[in-house]
Amino acid sequence: MFRKIVLLSLCALGACRGASPSAQTVDQQHLQEMVQSLLPAVSKAVGLTFKSTPKSAIRSRAQIHDYLIAKMARELPDARVQGVTDVYQLLDMLPDSIDLRQLFVDLYTEQIAGFYDPDSTTFYAVEGGDPALLRVTLAHELVHALQHQYMPIDSILKDASDGDRQAAAQAILEGQATLASLVAVVPGIDVMSDQFWETIRQSLKAQQTGTTVYARAPMVIRESLTFPYTAGADFMRWFDKNHPGQVPFGPLLPKSTEQILHPDRYARGDQPLSVRFTGDSTGVLFEDTFGEFDIDLLRAALTHATEPVTDPALGWGGDRLRVYTTPAGPALVWYTVWDTQPDADRFRNTIATALAAHPHAGDRTAVEALTLGGHLAVRVTVAPPVWASWSHLPGVEVR
């Protein structure tokens, strides 16, 4: 869910970070000339024509910082930030001392070169940036501007009703932008070759770990931030090979991180089940879908791994979680649904059992196998022992 918490499109690639600026800087005229020079290459790389020329502007680093804070305040109410934080802390994926909002401000302002803002349909460049660095960032963000002219990027990224589906859509946007921008700035390279892409992947990882805030961030946050770019690019490479001449927009847009991570599930039409809570919603602070990639992150956190293992597929069928506000602290109720009995057993006996063996400080953790509407399910509850709803936990329906 961390990758969904900031809805601004920011280039998190190593090429957009980490370089020392040269003596030359970019003024407004130079920026507009860079935009014009990149439009044909970006259009060709994506296979779509710009309907209009994107706007561009230069802002100081202080203005970018203030803009980010204001945008996060508008789009991320305190209840949502607190709810996301509670989920990851109750699952012991984050330390209790973390200030999530401040961490994301620090992450997104660290050595940023520029970004495309779908609200104003404008590319903003940071004042005093390196022209070479800015050109790479601009190519990436112009892909987003082009995507925005053909699909409602802002509404897709602002739909917080299903975070896992939102993350899958974001992976398509960032994956396409990653590959197309490389083609635009380095014509003639084969971005679809496994050898080239592995080189790029390792380069991104090395450059990102060289940045101060990113390097010190918890593994869960680091991996969540890079997921849309790396996993999204992997999916787009697969899609291009299997659906040449098409783009996975509209009805073809993947609907889960399971489909992004395992394109064979996408190919066979393995759609996520809808899991929805029923009954009273009194005391609900936050509700969302966790998804396959977040479960991979949970498994990695429980085993103290440096990165998640995403193969083989988990057999995830769908899930839904809620965070309740209680006098004794937050309470989490999480339902997961699985494709087969072995899939459900594997999750319950490894990930869920490991979670229960090391409960969040001061809380009780319960794991139960269920059958919901003919579907195999597991319910995980993490809550204060004195929570009044332990005796009548909320139910869900599966469709």
Side-chain angles (χ1 to χ4, degrees), residues 1-13 16-18 21 26 28 31 54-89 94-130 133-134 137-138 140-141 144-145 148 153-160 163 166-167 170 173-174 177 208 211-218 220-229 285-286 288 323:
M1 286 182 288
F2 287 125
R3 60 196 170 279
K4 318 148 201 167
I5 199 166
V6 175
L7 307 179
L8 198 62
S9 174
L10 297 171
C11 185
L13 294 173
C16 302
R17 302 171 175 264
V26 176
Q28 184 62 44
L31 178 60
K55 294 176 289 186
S56 60
I58 295 176
R59 294 290 184 269
S60 69
R61 191 167 295 277
Q63 287 175 312
I64 296 295
H65 180 271
D66 292 345
Y67 174 84
L68 277 172
I69 291 177
K71 189 174 182 68
M72 291 182 71
R74 289 196 309 271
E75 298 185 351
L76 290 172
D78 289 342
R80 179 168 180 80
V81 175
Q82 188 60 54
V84 171
T85 303
D86 287 342
V87 169
Y88 287 94
Q89 290 177 341
L94 273 185
D96 288 349
S97 59
I98 197 165
D99 183 338
L100 191 59
R101 189 184 292 276
Q102 185 59 52
L103 176 58
F104 271 86
V105 170
D106 293 342
L107 280 166
Y108 282 110
T109 54
E110 183 181 49
Q111 299 184 49
I112 184 173
F115 63 90
Y116 173 72
D117 176 28
D119 287 342
S120 61
T121 65
T122 301
F123 172 78
Y124 292 102
V126 177
E127 184 179 41
D130 185 327
L133 186 63
L134 180 59
T137 307
L138 179 56
H140 184 103
E141 301 302 309
H144 289 318
H148 195 205
I153 286 181
D154 46 357
S155 61
I156 290 173
L157 296 183
K158 289 178 182 176
D159 181 6
Q166 183 189 62
Q170 188 178 8
L173 300 177
E174 297 297 356
Q208 287 167 339
T211 57
T212 303
V213 179
Y214 181 90
R216 294 178 181 175
V220 171
I221 295 179
R222 297 196 310 271
E223 294 296 328
S224 292
L225 289 174
T226 58
F227 169 83
Y229 303 90
L285 172 68
F286 176 72
D288 204 352
V323 175

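Since the structure is predicted, the reported quantities are computational estimates derived from the model, not experimental observations.
Applying the side chain to side chain contact (heavy atoms under 4.5 Å, CB included) rule to Thr121 yields the partners Lys55, Tyr116, His148; only residues at least two apart in sequence or on another chain are considered. Partners of Asp119 by salt bridge (Lys or Arg N to Asp or Glu O under 4.0 Å), not counting sequence neighbours, listed by chain and number: Lys71, Lys158. A search for side chain to side chain contact (heavy atoms under 4.5 Å, CB included) contacts involving Val126 returns Arg61, Ile64, Ile112, not counting sequence neighbours. Under the side-chain hydrogen bond (donor to acceptor under 3.5 Å, both in side chains) criterion, Glu127 pairs with no residue, sequence neighbours left out. For Asp96, the side chain to side chain contact (heavy atoms under 4.5 Å, CB included) partners at least two apart in sequence or on another chain are Gln89, His360. For Ser120, the side chain to side chain contact (heavy atoms under 4.5 Å, CB included) partners at least two apart in sequence or on another chain are Asp117, Thr122, Tyr124.
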I'd like to know whether Glu75 forms a side chain to side chain contact (heavy atoms under 4.5 Å, CB included) with Arg80, so could you lay out the CA-CA distance, the side-chain angles of the two residues, the decisive distance to 0.1 Å, and finally the verdict. CA-CA 9 Å; Glu75 298 185 351; Arg80 179 168 180 80; over 6 Å; no
Give the intermediate values and the outcome of ring pair (Phe, Tyr, Trp, His ring centres under 6.0 Å) for residues Tyr67 and Tyr108. CA-CA 11 Å; Tyr67 174 84; Tyr108 282 110; over 10 Å; no
Does the pair Phe286 and Asp86 meet the rule for a side chain to side chain contact (heavy atoms under 4.5 Å, CB included), with working shown? CA-CA 9 Å; Phe286 176 72; Asp86 287 342; over 6 Å; no
Where do Leu31 and Leu134 land on the side chain to side chain contact (heavy atoms under 4.5 Å, CB included) test, with the steps shown first? CA-CA 9 Å; Leu31 178 60; Leu134 180 59; 4.1 Å; yes
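Across Leu76 and Arg101, no two heavy atoms sit closer than the pair O-NH2, 2.8 Å. For the pair Val81 and Thr85, the tightest heavy-atom approach, listed with the atom from each and the gap, is O-OG1, 2.8 Å. What you find for Ala113 and Thr137 is that their closest heavy atoms are CB-OG1, 3.5 Å. The nearest pair of heavy atoms linking Arg222 to Ala215 is NH1-O, 4.1 Å. For the pair Leu103 and Pro218, the tightest heavy-atom approach, listed with the atom from each and the gap, is CD2-CD, 4.4 Å.
Of the residues listed (Val213, Asp99, Thr212, Leu68), the one engaging Asp106 in a side-chain contact (heavy atoms from CB on, under 4.5 Å) is Val213, and it is the only one.
Between the side chain of Gln28 and the backbone N or O of Ser56 there is at least one donor-acceptor pair closer than 3.5 Å.
Here CZ of Phe123 is found 10.5 Å from NE2 of His140. Values are rounded to the nearest 0.5 Å. Taking CZ from Phe227 and CD from Gln170, the interatomic distance works out to 9.0 Å, rounded to the nearest 0.5 Å. Atoms OH and CG, from Tyr229 and Leu173 in turn, are 10.0 Å apart once rounded to the nearest 0.5 Å.
Side-chain contact between Val84 and Val323 is absent, with no heavy atoms from C-beta onward closer than 4.5 Å.
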